[in-house]
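I have placed the structure first, in the form of structure tokens, so that the comments after it can refer back to it.
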Amino acid sequence: MRALMGQKRLFAQKKPAWLAGFVLSLAVGAVFYVATAQTIESDARERFESLARYAQYTIDARIKSYTDVLRASASLFRTSDHLSRTQFHGYVLGLSMSQHFPAIEAINFAAYVEDGQRDAFEAAMRAETRAALDGYPPFAIKPARRDPSYSVLTYVEPIDAWPSAVGINIAARPQVAAALAASRDSGELSTSGMPVAAMTQPNNIGLGMRLPVYRNDMPVQTVAQRRAAYIGSVGIAFSVPKLVQGVLDQMPIRNVRLSLFNHPGGAERTGAANDPDQLLFDSKATIAQPRPPLALDHADSFHTQVPVDFNGRAWKAYFSMRKSALYTGFDAYFPWLALAAGFVSTMLIYALFHTLSSSRLRAIKMAKAMTRELRDSQAKLQQSHHKLRRLAAHADQIKEGERKRIAREIHDDLGQNLLALRIEADMLASRTGSQQPRLHERARATLSQIDATIKSVRQIINDLRPNVLDLGLNAAVDWQVAEFERRTGIVCELVETQKDIVLDDHCATAYFRILQESLSNISRHANASVVKVELLFDGAQLTMRVSDNGVGLVAGTRNKVGSFGLVGIEERINILGGSFSLISSAGAGTTVCVCVPVHGAQHEDAPAQGSGPAQRRPEAQGAEIA
């Protein structure tokens, strides 16, 4: 007590000096923190801008590739005056759209038909459909009303996904008709900007592009010539979410929010002053909130906007993401490390000069106090370690006992109830087989559900405590090895020197759990093809050795943070007073060996307590709820 009071007096004399040093060190650390944080944020912003530019380039490239597909399709129709459906089907099949163009949902051809040619055109298409038998439905122009001219979908691929589209007059919508007329007169690609009705759903916008097709043997230099040579248009329909989501999936950093808007013009505008843009895609959209707010003013996020050219239409792509998503674990702590470094280095320099003025006596007193406190702490730590080990052993016993109790109660109570319920359901199913077919079907479904529940209950009982443990350690090990080989496909060899070794329940359970943990580690980490389990008993000591031919342990992974498998095995063996060894090297497999001295253990040559007719095989124990 006197020493502590003396130290307080010594420190009290220097309090103003220490306070000044603390304030100075804190100021230097704050400067380091601000400078480091700004540097990290600037680097993160540059990475974010690079991601946005990469996504912009990728979206433009995909639109360009889809435009190329459209132009190639138009060229295909110009190669022949009459392209058959079979030829068109072969062309689309060769594109392998699901692999190379995943966002494209359909490629189609819309024939231009004047009203005077409608009846003959419909008759010819019906005759072609009956003759081809290629999956196309009976042909009819939809809607059935009469118009001066029509743009009728005659070829659609893949037809199995779009049979209802055949015969649709896409020019029935005024906006589409205007876009088709402008494209026909100019010879350029058209995009109406109107969503494709058959593809558009909440949070899923489908758009289309079309290109006019002219007769191969007619000039198309003037508008009049193009109108005379015009035979129809070829188009593609693609999913905007698939197009954009594919770009997001290729980005090296996740959690980037992308909101894609289209600038509608003329009749496409909704008329709402606060909603002038058409939302095409939002990676954060849900069914409950199809248009979440952009929240461009969040200080903890990066935001940017880039333009996207959709064949003359201006799209706006808004990118945003949390700043923390661009920070590595080191970046998040680096400013604090810089603060600590500035604070500590300044404090150390200050403390160096301050310590030089301290007396030797004060240093000795402080050293003695620290040594005494360290010894007391070590003694308390060792005592706490022993208590924790005893507590762990007690908790393990309680856990295994509770598992056994719960498994028994589930088996005796829930299992029997399920069995009785199954019998009643089976009787109901058998009595309603011919008279009540619908009730019989429901009864059979209920019976199947009960069987599945019984199987699940049986699995739960095995997971809590396998009944095979009641037959002895040998039977439990044999069952676990067979179950492991069945579940993983890994060849597992079992070697036993004695049969029917009888141990107390606590020791047998510990060996069984150690075997479970060892086999689990092999299946998850070892990449092995052969496993060998040895159960060796020499009358006084029981040894279990589990070996594999896998990749072995990498140096430093045994004590990896969050990994408790090997620690748990070692603790179980220490509680039993045995020894644990682990032999492994990279590429040479792993061997886990546990040895426990056993007193009073029996094998097949000596009668085991509790053996006899009352013991059953695992299969028989589960029959009560089968």
Side-chain angles (χ1 to χ4, degrees), residues 69-70 72-74 76-98 101 104-177 179-181 183-184 190 192 194-201 204 206-216 230-239:
V69 170
L70 181 61
S73 301
L76 175 68
F77 279 91
R78 294 186 183 123
T79 60
S80 175
D81 292 336
H82 181 74
L83 187 72
S84 67
R85 288 176 177 173
T86 302
Q87 292 172 321
F88 184 64
H89 174 76
Y91 166 75
V92 175
L93 189 65
L95 290 177
S96 299
M97 292 192 301
S98 60
F101 310 99
I104 296 181
E105 299 286 347
I107 302 180
N108 57 72
F109 173 72
Y112 176 74
V113 181
E114 294 183 349
D115 188 54
Q117 303 170 342
R118 171 172 174 163
D119 296 337
F121 175 77
E122 284 186 310
M125 292 304 301
R126 290 193 188 100
E128 182 178 351
T129 301
R130 287 193 300 269
L133 299 176
D134 51 6
Y136 277 72
F139 185 83
I141 296 179
K142 298 172 286 190
R145 71 170 187 263
R146 288 281 182 171
D147 291 323
S149 62
Y150 312 88
S151 289
V152 184
L153 293 179
T154 55
Y155 294 176
V156 181
E157 291 293 338
I159 186 59
D160 54 349
W162 299 90
S164 61
V166 177
I168 292 179
N169 175 25
I170 60 176
R173 301 174 70 180
Q175 297 90 340
V176 178
L180 288 174
S183 176
R184 175 199 63 194
S190 69
S192 68
M194 299 294 295
V196 179
M199 294 173 52
T200 301
Q201 300 173 357
N204 183 19
L207 295 179
M209 297 186 294
R210 306 202 69 82
L211 198 64
V213 178
Y214 304 101
R215 288 186 175 86
N216 197 29
Y230 182 68
I231 62 173
S233 62
V234 64
I236 63 171
F238 65 93
S239 169

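For A124, there are no side-chain contact (heavy atoms from CB on, under 4.5 Å) partners, not counting sequence neighbours. The salt bridge (Lys or Arg N to Asp or Glu O under 4.0 Å) search around R146 returns D115, D119, not counting sequence neighbours. Listed by chain and number, the residues in a ring pair (Phe, Tyr, Trp, His ring centres under 6.0 Å) with Y112 are Y230 (sequence neighbours excluded). Taking A171 as the reference, S151, N169, A177, L180 meet the side-chain contact (heavy atoms from CB on, under 4.5 Å) condition, with sequence neighbours excluded. Considering only residues two or more places apart in sequence or on other chains, Y150 meets the ring pair (Phe, Tyr, Trp, His ring centres under 6.0 Å) condition with none of them. A search for salt bridge (Lys or Arg N to Asp or Glu O under 4.0 Å) contacts involving R78 returns nothing, not counting sequence neighbours. For the side-chain contact (heavy atoms from CB on, under 4.5 Å) test, residues two or more places apart in sequence or in another chain that qualify with A181 are R184. Here E114 pairs with nothing under the side-chain hydrogen bond (donor to acceptor under 3.5 Å, both in side chains) rule; sequence neighbours left out. Residues satisfying the ring pair (Phe, Tyr, Trp, His ring centres under 6.0 Å) test with Y155, not counting sequence neighbours, are F88. In this structure P158 satisfies the side-chain contact (heavy atoms from CB on, under 4.5 Å) test together with M97, D160, A161, W162, sequence neighbours excluded.
Atom CE of M125 is separated from atom OG1 of T154 by 5.0 Å, given to the nearest 0.5 angstrom. Distance check: E157 CD to L95 CG gives 10.5 Å after rounding to the nearest 0.5 Å. Between the CG atom of L93 and the OG1 atom of T86 there is a distance of 12.0 Å, given to the nearest 0.5 Å. Distance CD1/I236 to CZ/F101: 9.0 Å, rounded to 0.5 Å.
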Pairs of donor and acceptor atoms involving the side chains of residues 206-213, under 3.5 Å and at least two apart or interchain, shall be tabulated with distances.
residue, atom, partner, partner atom, Å
R210, NE, S233, OG, 2.9
R210, NH1, N108, OD1, 2.9
R210, NH2, N108, OD1, 2.9
R210, NH2, S233, O, 3.0
R210, NH2, S233, OG, 3.3

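Taking the six-membered ring for Trp and the full ring otherwise, Y91 and F77 have centroids separated by 6.0 Å or more.
For residues 135-145, the salt bridge (charged side-chain N to carboxylate O under 4.0 Å, His left out) pairs, not counting sequence neighbours, are R145-D147.
Considering every non-hydrogen atom in both G235 and L70, the closest pair reads CA-CD1, 3.6 Å.
Side chain of S183 to backbone of A179: no donor-acceptor contact under 3.5 angstrom is found.
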